[in-house]
Chemist: 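I am attaching a structure below and will ask some questions about it afterwards.
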There are 2 protein chains.
Amino acid sequence: MGTAERKEREKQRRRTTIINAAERIFFSSRGNKKTMDDVAKRVELSKGTLYLYFKNKDELLYAIAQKGVNKLCDYLKQSTSTTLNGREQLSEYGDAFVQFVTDHPKHFDLILRFEILEPTIESDMIMEPALNLLQHALTLGQSDGTIRKDHTEKELVIVLWSQMVGILNTIKHKEKYLNQFNIDVQQIIKGHFHLIMQGIG
Amino acid sequence: MGTAERKEREKQRRRTTIINAAERIFFSSRGNKKTMDDVAKRVELSKGTLYLYFKNKDELLYAIAQKGVNKLCDYLKQSTSTTLNGREQLSEYGDAFVQFVTDHPKHFDLILRFEILEPTIESDMIMEPALNLLQHALTLGQSDGTIRKDHTEKELVIVLWSQMVGILNTIKHKEKYLNQFNIDVQQIIKGHFHLIMQGIG
DNA sequence: TTCAAAAAATGACTTAGAGTCATAAAATAA
DNA sequence: TTATTTTATGACTCTAAGTCATTTTTTGAA
């Protein structure tokens, strides 16, 4: 009988339930309700049970962040077009990315968190799936001559993504400073893209 | 009589003593000795006293990070030369910065921490003094024609520094990932500088 | 020199929240 | 029906930051 299989499915379903409850808790702007106890209460399980499904709080957050990366990949796939050269495709991906951040700021914050914090999860390159998509544009550009060839696609994709993380980190954490100097966030993003598109060719 | 002045000086001296002790504690690679209790023990004061001199742990860390920024400014000043054009000066500053990070990795880690973490200190742009130096090179370059003028110096300096933070963050936190793909850190830094120097002109 | 007031220092205590584990309840299968 | 395995529970432990009533030291006027 397929008891084991059914149990496995139930386990997965419960895991998903926990992730969704946690998402609502962690993404709520309501004050300080962000503890595992809060999640447990929300999902109507005991705290101990949460720790049967997730090794620790970080693993739970990581699972939520992964959902975000999947969403981002959808955005990127959507903006993929065979009519574009590598350079144009890269630019499209940049726009799609900004759109994703605009549409799902909380998910993006969480992804940023895992880009930025001391790695707590073993296999920790949460963006990998999205980076692989980006890399296609670079490979394409290198073969159609629209992107420089003095660095490998892998190197370039890491440099580009790292720079992007830096820019978005500043936008998120230095809002006060930017305001203080009347610096427009849109201008920063534009400036970044201008530099990159000129530098990449 | 100058009692008040003397007291003020003693207060400053004690503050410095605490900062130095904390630096040795926080920068020690030895296991887990990184608590305020550990600092208190080291400096031979009670924990309560630490909180008379620093509002919280973060303020103490911030003071250490500021020492690091001062050191970095020394590096930048050292590499300033009137014989260079803006673009060349910028490049020199890049090298000086890498040298600083090499010489003082722990200080740099702490600076990065304040660039990256949710702002806990009110006036939170710890790098400001160093950014002002960088900005001189940009201003110079914009007037001698070696640096693009379609963005203000302030915008450019923020974009450049943010990108740099992103790159260094990746190097620090994604070491495993980079190794996994046999990616050389030096190549990443070079790639970054190549892109920037081409993009900035 | 004396001594009351002010300033500085103390460390036991409180707090918050992550993570644990002995125990109990539920599900399984013989 | 019942022994065994799986899943769930929540009271408890642990850690480290931050507090505060009390004590000690310093100050300066008499």
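Values below: every heavy atom of this structure, side chains too, minus hydrogens, waters and symmetry copies. What you are looking at is a predicted structure, and each value in this text was computed from that prediction instead of being measured. Every chain is numbered from 1 and lettered A, B, ... according to where its sequence line falls, protein lines coming before strand lines.
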Chemist: Nearest whole Å is fine: how far is C:dA16 P from B:N56 CG?
Modeler: 17 Å
Chemist: Does A:K57 put a side-chain nitrogen or oxygen below 4.0 Å from OP1 or OP2 of C:dA18?
Modeler: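 Yes, A:K57 has a side-chain N/O under 4.0 Å of OP1/OP2 on C:dA18.
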Chemist: Classify the angle between the aromatic ring planes of A:H104 and A:F100 as parallel (below 30°), tilted (30 to 60°) or perpendicular (above 60°).
Modeler: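 A:H104 vs A:F100 ring planes: tilted.
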Chemist: D:dT7, C:dT10, C:dA18: which one has an atom nearest the side-chain heavy atoms of A:M36?
Modeler: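 It is C:dA18.
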Chemist: What integer distance in Å separates A:I25:CD1 from C:dG17:C1'?
Modeler: 15 Å
Chemist: More than 12 non-hydrogen atoms from neighbouring residues, nucleotides or ligands closer than 6.0 Å to NZ on A:K41, yes or no?
Modeler: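 No, NZ of A:K41 has 12 or fewer neighbouring heavy atoms, counting only those of other groups under 6.0 Å.
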Chemist: B:K47 has an atom NZ; how far is it from atom P of C:dT10, in whole Å?
Modeler: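 Going from B:K47 (NZ) to C:dT10 (P), I get 14 Å.
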Chemist: Any chance the side chains of A:T17 and A:N20 put a donor and an acceptor closer than 3.5 Å?
Modeler: no
Chemist: Evaluate the criterion salt bridge (Lys or Arg N to Asp or Glu O under 4.0 Å) for residue pair B:D58 and B:R113; output intermediate values, then yes/no.
Modeler: CA-CA 11 Å; B:D58 247 44; B:R113 177 200 151 100; 2.7 Å; yes
Chemist: What is the distance from CG of A:L52 to P of C:dA26, rounded to the nearest Å?
Modeler: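 My rounded result for the distance is 16 Å.
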Chemist: Name the closest nucleotide to the A:S46 side chain, picking from D:dA16, D:dT9, C:dA18.
Modeler: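 Comparing D:dA16, D:dT9, C:dA18 against the side chain of A:S46, the answer is D:dT9.
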Chemist: Going 5' to 3' along nucleotides 20-27 of chain D, which nucleotides have protein heavy atoms under 4.0 Å from the base (write B), which only from the sugar-phosphate (write S), and which from neither (write -)?
Modeler: -------S
Chemist: Output the rounded distance in Å from NZ (A:K41) to P (D:dT9).
Modeler: 15 Å
Chemist: Could you state the CZ-P distance from A:F54 to C:dT20, rounded to the nearest angstrom?
Modeler: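 Those two atoms, CZ and P, are 16 Å apart.
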Chemist: Step by step, work out the salt bridge (Lys or Arg N to Asp or Glu O under 4.0 Å) result for B:K154 and B:E128.
Modeler: CA-CA 11 Å; B:K154 197 75 197 169; B:E128 175 94 58; 3.8 Å; yes
Chemist: Side chains of B:K174 and B:N179 only: does a donor on one sit below 3.5 Å from an acceptor on the other?
Modeler: no
Chemist: Looking at B:H173 and A:P119, what are the two nearest heavy atoms and their distance?
Modeler: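 Residues B:H173 and A:P119, closest heavy atoms: O-CG, 3.7 Å.
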Chemist: Regarding A:Q142 and A:R148, do their side chains bring together a donor and an acceptor under 3.5 Å, going by distance alone?
Modeler: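 No pair is found: no donor N or O on one side chain lies under 3.5 Å from an acceptor on the other.
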Chemist: Below 4.0 angstrom from OP1 or OP2 of C:dA9, is there any side-chain N or O of B:R14?
Modeler: yes
Chemist: Starting at atom CG of A:D37, determine the distance to atom C1' of C:dT15, rounded to an integer number of angstrom.
Modeler: 14 Å
Chemist: Using five base pairs at each end to define the local axes, how bent is the helix from C:dT1-D:dA30 to C:dA30-D:dT1, to the nearest 10°?
Modeler: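 The two end axes of the helix from C:dT1-D:dA30 to C:dA30-D:dT1 meet at 10°.
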Chemist: Indicate whether any N or O donor in one side chain lies under 3.5 Å from an N or O acceptor in the other, for A:Q99 and A:D103.
Modeler: yes
Chemist: CD of A:E5 versus P of C:dA27: gap in Å, rounded?
Modeler: 19 Å
